[in-house]
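Here's the structure, in structure tokens; my notes come after.
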Amino acid sequence: MKNLFTKMILLFFVSMLTVGALGATPDKDYLCITAGEAGAKVQLKKNGTPAAVSLEYTTNGSAWTDFVIGTTEGCGVTLANVGDKVYLRNKKEAKDVATFSESNTAYYCFTFSDSVSVSGNVMSLVDKNVETTTIPCDYCFCRLFYNSTSLTSAADLKLPATMLTTGCYQQMFNGCKSLKTAGVLPATTLAESCYNQMFNSCTALETAPALPADTLAEKCYYSMFQGCTALETAPALPAETLATNCYNGMFSGCTALETAPALPAETLAESCYYGMYQNCKALKTAPALPATTLAKQCYNVMFSGCSALETAPALPADTLAERCYYGMFNGCAALKTAPELPADTLAESCYFNMFYGCSALETAPALPATTLAKQCYYGMFNGCTKLKSVKVGFTKWGDLSDSGATDYRATYNWLKDAGTEATTPTFECPAELDMTIRDEHHVPANWNMPTGIEEIKSQSTVNGQQSTDLYNLQGQKVSVNGFRGIVIKNGKRYLKR
């Protein structure tokens with residue numbers, strides 16, 4: 001009995017030693033990397049010339065060893081078995097640490113030879129005590145796991161800072177094609193480019209983290225989830241105060257995304273929604289866009305390539321900005337109804353290619369503006385093959401050749417290939433508009449003449465002469481088969497009643 005008790009005591013101490021040797025939990029929540037495959041090698045490489053940092057690691061939770069930075073032989077740590085862990089921390093306290101990565105060209109980046117997951121507090125890389133939540137510098141964790149294609153999970157990675165710095169998480173997981181889950185992002189005070197391209201091209205990412213900030217910063221979410229082709233649901237975006245390029249390209253190329261979050265802001269910033277949902281081919285419903293104050297390029301190519309989008313949101317703004325709706329619905333082949341466009345004063349390139357390639361669109365919105373602006377309607381309905389009608393308020397065509405003109409190429413290619421599948425589409429305009437040129441830059445030949453314009457046929461009798469004999473009649477009062485009017489273009493045989 002005594003021998004049995006002695007054996008049990010020995011077995012207990014051996015098991016305790018084994019746990020201590022193979023991976024006891026440290027006393028603090030250090031950044032931890034766990035092997036998903038045996039033999040996974042963990043290294044930290046230096047890119048460019050960031051300031052030197054001193055790190056140490058443990059695999060047993062107690063004995064700390066200097067972590068050699070680099071990718072050559074002898075650098076980093078090899079995790080022999082599945083489930084083995086390595087914990088890392090800075091050798092200095094936060095008060096003595098001024099920097100880590102410094103820019104998107106001078107940074108530190110982990111590399112992994114085989115499948116791993118990351119957890120723990122990222123702040124241990126800048127504070128051995130893991131007590132601070134203050135990020136010490138701009139671009140601090142920029143590209144930290146850049147192109148780490150073996151990284152499968154960051155669900156338990158803690159990024160505790162609530163006040164961010166410029167570029168602090170920029171491209172942090174960019175190119176992590178095996179990453180399925182991400183951790184919490186609690187920050188409420190953002191900074192320029194703080195999440196810029198953070199999860200760009202994470203093609204396995206299925207769920208996006210919540211984004212609670214209600215005041216944004218320049219480029220804060222720039223291309224954050226671009227190319228995340230497995231992402232089906234976007235996080236709520238409660239911010240009502242926007243910033244330049246804040247959502248630019250945020251979900252571009254998210255081909256599985258079916259619904260878009262509400263966008264409550266009523267005052268926009270330059271390029272704020274530029275390409276936000278570009279090429280989101282599964283997106284069927286667009287969010288409401290209540291903004292009445294626009295900004296340069298605010299909706300530029302916002303839904304371009306959203307081939308499943310069936311309904312466009314209302315666009316209530318009546319004052320436009322340069323390129324505000326540029327290519328907004330370009331390639332939305334399922335779009336059948338266009339929103340009303342109430343603005344009567346145009347801006348340069350405001351509707352440029354807005355409905356280009358919308359092959360299901362049947363009715364164009366009324367265009368009440370009486371004066372054109374440079375490239376304002378350029379390509380606007382190009383490729384809208386089912387278009388049945390267009391109604392405009394302008395009385396003079398834009399210049400097609402003088403690049404210095406205020407209305408240069410205002411309607412260039414605007415009805416190219418438009419209405420080819422419709423039965424005699426119609427064009428409505430003021431009687432003063434010159435209708436003698438029939439082409440894709442003006443009104444296509446297959447379209448019906450507008451009210452108040454009469455084409456003089458060859459069999460018509462004009463002032464007692466056959467119309468084939470007409471010449472030099474521009475501006476002259478004539479009588480055509482009992483109707484009186486003025487020839488509005490020399491040699492083109494059109495009559496304005």
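Treat the numbers as computed from the prediction; the structure is a model and nothing was measured.
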Indicate yes or no: at least one non-hydrogen side-chain atom of [X] is less than 4.5 angstrom from one of [Y].
X: L151; Y: V116; result: yes
X: L190; Y: Y195; result: yes
X: C280; Y: C254; result: yes
X: V301; Y: N330; result: no
X: M250; Y: F225; result: yes
X: Q375; Y: Y412; result: no
X: T319; Y: T345; result: no
X: T152; Y: L179; result: no

Here the salt bridge (Lys or Arg N to Asp or Glu O under 4.0 Å) pairs for residues 154-166, sequence neighbours left out, are D29-K158
Show every salt bridge (Lys or Arg N to Asp or Glu O under 4.0 Å) that has at least one partner inside residues 263-286, sequence neighbours left out.
none
Which of parallel (below 30°), tilted (30 to 60°) and perpendicular (above 60°) describes Y247 and Y221?
parallel
Which of F110, Y169, Y107 passes ring-ring contact (aromatic ring centres under 6.0 Å, His included) with F145? It is F110
How many angstroms lie between atom [atom1] of [X] and atom [atom2] of [Y], to the nearest 0.5 angstrom?
X: S193; Y: Y139; atom1: OG; atom2: OH; answer: 5.5 Å
X: C168; Y: L144; atom1: SG; atom2: CG; answer: 11.5 Å
X: C376; Y: M354; atom1: SG; atom2: CE; answer: 12.5 Å
X: M172; Y: C142; atom1: CE; atom2: SG; answer: 10.0 Å
X: L185; Y: T162; atom1: CG; atom2: OG1; answer: 12.5 Å
X: E440; Y: L415; atom1: CD; atom2: CG; answer: 9.5 Å

Quick one, Y273 with N248, criterion side-chain contact (heavy atoms from CB on, under 4.5 Å). Give me CA distance, side-chain angles, the key distance, then yes/no.
CA-CA 5 Å; Y273 298 133; N248 190 322; over 6 Å; no
Could you tell me whether F141 atom CZ has more than 12 heavy atoms of other residues or ligands within 6.0 Å of it?
yes
Least distance between heavy atoms, [X] atom then [Y] atom:
X: M163; Y: I135; value: O-CD1, 4.5 Å
X: A191; Y: T165; value: CB-C, 3.4 Å
X: N245; Y: S271; value: OD1-CB, 3.1 Å
X: A410; Y: L372; value: CB-CD1, 3.6 Å
X: A265; Y: P290; value: O-CG, 3.8 Å
X: C109; Y: N47; value: CB-ND2, 3.8 Å

Check: [X] side chain, [Y] main-chain N or O, donor-acceptor pair, under 3.5 Å:
X: S103; Y: T105; answer: yes
X: S148; Y: S150; answer: no
X: S124; Y: L31; answer: yes
X: W414; Y: H442; answer: yes

Going by atom types alone, do S401 and D399 pair a side-chain donor with an acceptor below 3.5 Å?
yes
Assess, by modelled atom type and distance only, whether the side chains of S153 and T181 contain a donor and an acceptor separated by less than 3.5 Å.
yes
For a side-chain contact (heavy atoms from CB on, under 4.5 Å) check, start with the C-alpha distance between L433 and F427, then their side-chain angles and the critical distance, and finish with the verdict.
CA-CA 11 Å; L433 186 63; F427 186 82; 4.0 Å; yes
Could you go step by step and tell me if T111 and Y146 meet the side-chain contact (heavy atoms from CB on, under 4.5 Å) rule?
CA-CA 8 Å; T111 66; Y146 184 71; over 6 Å; no
May I have the list of side-chain donor-acceptor pairs in residues 385-397 shorter than 3.5 Å, sequence neighbours left out?
{"unit_1": "T385", "atom_1": "OG1", "unit_2": "E421", "atom_2": "OE2", "d": "2.8"}
{"unit_1": "K386", "atom_1": "NZ", "unit_2": "E421", "atom_2": "OE1", "d": "3.3"}
{"unit_1": "K396", "atom_1": "NZ", "unit_2": "D407", "atom_2": "OD2", "d": "3.3"}
{"unit_1": "W397", "atom_1": "NE1", "unit_2": "D434", "atom_2": "O", "d": "2.5"}

What pairs of donor and acceptor atoms, side-chain ones from residues 197-210 against any protein atom, are under 3.5 angstrom apart with sequence neighbours left out?
{"unit_1": "Q197", "atom_1": "OE1", "unit_2": "Q171", "atom_2": "NE2", "d": "3.4"}
{"unit_1": "Q197", "atom_1": "OE1", "unit_2": "N200", "atom_2": "ND2", "d": "3.4"}

Given side-chain contact (heavy atoms from CB on, under 4.5 Å), test Y325 with L315 step by step and report yes or no.
CA-CA 10 Å; Y325 298 125; L315 300 173; 3.7 Å; yes
Pairing residues for F100 by the ring-ring contact (aromatic ring centres under 6.0 Å, His included) criterion, not counting sequence neighbours
Y108
What pairs with R323 under side-chain contact (heavy atoms from CB on, under 4.5 Å), at least two apart in sequence or on another chain?
Q297, N300, Y326, S349
